[in-house]
Amino acid sequence: MMMMSSRTPHVSGGISIGRIMATSIALLLLSLSCVVSPVTSFLLPRQQSLQQQHQPPIVLPSPSPLPITSEDGQRSLLYQSPQSQDGNAATAAAAGTSKRAQRKAAQRAKKQRQQTQTSKNINKVTSQHPEAIIKRQKQQNGNNNGKRRNHNFAQRAEYLSEGTDEQFGFNDNLDQLTLTTIPKTQGDTTIEDKANNIQFHQLHSQRVSKLDEETTADDVVKAIKRAQNLHDEHDVVEIAHFLLEEVDQSFAYGYRGSLLSRLAVASLHLQNYDIAKRCIIERRISHRSSMLPLESAAIVRGLLRCHHTSEAWEVLEDELSLPLEGSVQWENNEENNNKRNKNEMNDDELHLEDESIRRRLEARDKLVHRARSISSIASRHFYEMEPTEGINAVGKLKEMGGIVHQAGLTAEDVGIPWDRLVKGAALCESKRRDGAWDDIDESEDDATAETPSSWPCNIVYTVLDAMIAFPSENKDVTFEALCNALVRRTVFVTGAVDMEGCPEADRGEVAFIGRSNVGKSSLVNMLTNRKSLAFTSKTPGKTQQFNYFAVNDKPELARQIRYGDDVPGEKDRDSFYIVDLPGFGFAKVTQQLRQQWSDFMDEYLQERETLQAVFHLIDARHGPTDEDIKIMQKVGTILGAKQQAKEHCAKYIIILTKADKNVKNAKSQSNPGKVSNKVMEKLIVTMKENRVGYAPIVLTSSETRLGRDEVWKYLRFAAER
């Protein structure tokens with residue numbers, strides 16, 4: 001085998017292979033450069049043209065607006081004119097090669113012109129505003145020391161209200177409320193146009209800058225709202241000049257009366273009673289036929305905020321008075337049944353029917369706002385610790401109860417905040433218990449209802465009377481506030497089995513009686529807003545003695561009863577006893593114990609002089625049973641004999657319990673309970689047969705809280721003894 005030699009081969013002529021390879025590579029590179037050079041020379045112009053096409057045109061920016069201050073303190077702007085801007089944009093667009101670039105340039109130029117024009121308008125509007133003038137003066141005088149002006153609302157209101165009487169020609173005398181004609185100078189609010197002989201009033205508002213002959217009612221409303229919200233006394237004065245002196249009754253198609261009421265409310269909000277009084281008088285004289293109860297109620301509330309109570313009563317009695325008897329025909333069920341079809345009526349009858357409906361609706365609206373206004377007055381007096389005026393106002397509210405029922409208004413229609421009235425009256429009563437009015441001198445001149453001695457035992461009872469007179473709303477919030485005010489402390493005192501075991505007869509008391517398992521203990525717990533004051537059970541006969549519960553007795557009485565400690569203090573003036581009598585009927589007790597209860601009840605009804613009311617509980621599902629009839633006979637005999645002898649006699653009340661059982665899902669429906677006609681007819685016949693037909697009947701339910709305010713109407717008799 002032939003072996004390859006390791007020596008480097010040589011070619012002829014003495015040239016080595018390495019030198020040949022180097023020469024070949026050099027020739028190859030030379031050839032490649034010759035090929036690439038034409039390609040590069042072809043592509044480079046195309047690339048440069050693409051870059052030039054997508055490059056945005058060069059737009060010369062216009063100089064930014066530069067504020068300058070002239071010698072008279074006025075500011076202006078140096079800006080480039082729109083024509084020069086358009087020229088720059090056109091020049092820049094011509095330099096480009098794309099239509100898209102031209103559109104972009106035109107849009108930028110248009111936007112810049114708009115911004116410049118906006119800056120001019122803002123500077124033009126604000127340069128003459130009073131605040132802008134003050135700011136420029138401070139800057140010129142160097143009083144700001146490089147700090148920003150403090151935008152404080154109180155300072156702003158003080159500035160806007162300062163100097164209005166002298167600067168704007170407003171006279172406090174309402175009879176001399178006239179415009180002051182001022183020559184047309186810079187900064188004046190009332191300017192006279194000599195060419196048209198028209199006066200207009202300059203306002204601080206930017207939306208409604210002036211009031212003139214082209215002003216609409218909507219513009220005046222906007223100006224009033226803005227002046228009220230910002231406490232702008234100057235604008236209120238100018239609007240008063242415009243409405244009271246410049247325009248007549250036909251302004252805005254007779255809407256001037258409503259504008260005057262709005263202006264009166266805004267003036268009262270700014271504590272400017274003079275303008276408000278002038279607006280109220282002008283509205284009453286010129287626009288009485290178009291006055292709305294809603295506007296009158298707003299004026300009453302505004303007067304109350306300014307503590308003008310007598311003026312509020314004057315507006316209430318004049319603009320929200322009760323309808324005269326017979327002036328309004330209230331619709332009843334008989335009229336609904338006998339109402340003729342409108343197709344059967346002639347034109348005169350239809351006109352009378354429509355007029356009757358209109359009067360009825362207007363009277364209902366007036367009743368609603370009168371009731372709400374009186375409740376506002378009463379609430380204001382109670383929370384300002386003026387119980388006498390509050391009691392009088394609530395008395396006015398109680399007088400409206402009958403006509404409210406005739407009008408067919410519901411508790412939701414009236415919308416009186418009873419919980420607020422109850423809490424306000426309870427606050428006054430708390431101050432009264434602390435001795436706030438004990439030092440009032442009851443002289444001969446004050447020997448009227450103005451003295452605390454003539455107030456009820458608890459001021460909250462006056463609110464309760466008004467609540468009962470109105471349609472019942474049966475709200476838990478209201479009744480919880482009522483119970484917290486009337487039942488502050490409760491304690492079990494004793495359980496008596498005879499007259500000797502009864503506590504001292506030093507206060508009034510009420511008794512609850514009925515057959516077993518009729519719901520006496522549940523009713524007592526509902527009325528006192530307690531969960532376990534009286535023991536409740538599904539087993540009949542758990543109450544086997546006369547259980548005495550003291551309401552509003554002296555504090556720490558429970559410790560005195562349990563441990564025998566001598567606790568200082570006295571019972572409140574509205575303290576009374578609640579007596580839970582044992583149940584009769586199918587209670588699992590001996591006949592001897594039943595007879596003992598019966599004898600004890602006879603003696604109790606005859607001899608207990610402090611007994612003020614007897615509540616006889618009957619199941620609303622079944623009506624009176626044999627045991628109920630026996631109780632009626634006993635009560636009718638004993639109380640009837642005392643009435644004939646003209647002795648003190650307790651009031652007898654029938655309570656129908658468990659009324660929610662007659663309604664399916666009573667808690668979720670508007671009807672919290674009812675009683676069938678058959679049960680009611682049977683009850684009335686039984687009452688007449690046993691000489692208790694005079695007794696009132698109250699429908700209750702411990703589940704739906706029905707009838708609790710009505711029962712408290714009679715519990716009050718025990719507290720007021």
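We're numbering straight along the sequence, starting at 1. Every heavy atom of this structure was used, including side-chain atoms; hydrogens, water molecules and symmetry mates were not.
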I'd like to know if [X] pairs up with [Y] as an ion pair, taking the criterion as any Lys NZ or Arg NE/NH1/NH2 lying under 4.0 Å from an Asp or Glu carboxylate oxygen.
{"X": "R708", "Y": "D476", "value": "yes"}
{"X": "E314", "Y": "R284", "value": "yes"}
{"X": "R283", "Y": "E295", "value": "yes"}
{"X": "E362", "Y": "K366", "value": "no"}
{"X": "E245", "Y": "R278", "value": "yes"}

Mind checking whether [X] and [Y] have side chains closer than 4.5 Å, heavy atoms only?
{"X": "F251", "Y": "E246", "value": "no"}
{"X": "P672", "Y": "R705", "value": "no"}
{"X": "P293", "Y": "L367", "value": "no"}
{"X": "S310", "Y": "W313", "value": "no"}

Heavy-atom neighbours of R207 CZ exceed 12 at 6.0 Å: no

Would you say CZ of R288 has more than 12 non-hydrogen atoms from neighbouring residues, nucleotides or ligands within 6.0 angstrom? yes

Without placing hydrogens or testing angles, list every side-chain donor-acceptor pair under 3.5 Å for residues 408-420, not counting sequence neighbours.
{"unit_1": "T410", "atom_1": "OG1", "unit_2": "D413", "atom_2": "N", "d": "3.3"}
{"unit_1": "T410", "atom_1": "OG1", "unit_2": "D413", "atom_2": "OD2", "d": "3.0"}
{"unit_1": "D413", "atom_1": "OD2", "unit_2": "T410", "atom_2": "N", "d": "3.2"}
{"unit_1": "R420", "atom_1": "NE", "unit_2": "S379", "atom_2": "OG", "d": "2.8"}

Pairing donors with acceptors under 3.5 angstrom, does anything connect the side chains of E317 and S321? no

If we ignore angles and hydrogens, is there a donor and acceptor under 3.5 Å between the side chains of H381 and E389? no

Over 60° means perpendicular and under 30° means parallel, so tell me whether H241 and H201 are parallel, tilted or perpendicular. tilted

List the atom pairs, donor and acceptor, that lie under 3.5 Å between side-chain atoms in residues 264-271 and the rest of the protein, sequence neighbours left out.
{"unit_1": "S267", "atom_1": "OG", "unit_2": "L263", "atom_2": "O", "d": "2.8"}

Not counting sequence neighbours, which residues clear side chain to side chain donor-acceptor pair (under 3.5 Å) with R301? List them please. none

Check step by step if side-chain hydrogen bond (donor to acceptor under 3.5 Å, both in side chains) holds for S472 and N474. CA-CA 6 Å; S472 176; N474 195 29; 5.3 Å; no

